[in-house]
Structure formats: C-alpha cells, structure tokens
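Right, one structure below, let's go through it.
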Amino acid sequence: MAPALPKNMSESIESSVLRLNELLPLKARQDRHTPAFRALHRAVIVSLVVRHRRPMAWGRLADP
C-alpha cells in the first residue's frame, strides 16, 4: 500500500485532476456511452499512444 500523501500534496493533486477534467473531460464523455463503445474508444486511444501516433483529424485541423 502506498504511503499517505501530506494533506497539501493530496489537495494539489486533487486540484490538478479537477483542472485536467475541465480541459479534457474524457471520462465524463465516455461515461455517457455504452460499455462496449467505451471499451472501443479506450482501445483506440491506447493503440494511438502505443504506436506514438496522433489522430489524423489533429493534423487536418492544423492545415489552412
């Protein structure tokens, strides 16, 4: 079991997680879908990360 974090550090982590969820509300979006779709979406994300690739749409957004 991991040692308990000091109160100010755990508050800092909690604050950081809340900020991240505001910027990238992935979990909230995934929770709206069926378990099968959620699993598929997570598998796609993992595949992109493992293969060090970004979604094609990101590249197209940068093009004029």
Side-chain angles (χ1 to χ4, degrees):
M1 187 168 168
L5 296 173
K7 185 176 180 180
N8 60 349
M9 184 176 283
S10 65
E11 288 174 357
S12 176
I13 291 171
E14 184 177 340
S15 172
S16 297
V17 169
L18 290 173
R19 270 196 324 266
L20 182 60
N21 280 331
E22 288 175 6
L23 295 172
L24 302 169
L26 183 61
K27 179 157 177 15
R29 289 179 182 166
Q30 283 185 345
D31 287 346
R32 289 184 275 187
H33 296 292
T34 64
F37 186 83
R38 232 182 349 250
L40 174 63
H41 189 244
R42 288 179 181 168
V44 169
I45 291 171
V46 167
S47 174
L48 292 170
V49 170
V50 168
R51 293 174 27 201
H52 305 286
R53 295 191 179 180
R54 62 182 185 187
M56 289 175 49
W58 290 358
R60 280 185 260 147
L61 290 174
D63 294 340

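Values below: every heavy atom of this structure, side chains too, minus hydrogens, waters and symmetry copies. Numbers for residues simply follow the sequence, beginning at 1.
- A donor-acceptor pair is defined here as one N or O able to donate and one able to accept, closer than 3.5 Å; such a pair exists between the side chain of Ser16 and the backbone of Ser12.
- To the nearest 0.5 Å, atom CD1 of residue Ile13 and atom CG of residue Leu20 are 13.0 Å apart.
- Distance check: Asp31 CG to Lys27 NZ gives 3.5 Å after rounding to the nearest 0.5 Å.
- Going from atom CG of Leu18 over to atom CG of Leu23 covers 11.0 Å, rounded to the nearest 0.5 Å.
- Between Gln30 and Arg42 the shortest side-chain heavy-atom distance falls below 4.5 Å.
- Between Arg29 atom CZ and Arg38 atom CZ the span is 15.0 Å, to the nearest 0.5 Å.
- Using cut-offs of 30° and 60° for the angle between ring planes, the Phe37 and His41 rings count as parallel.
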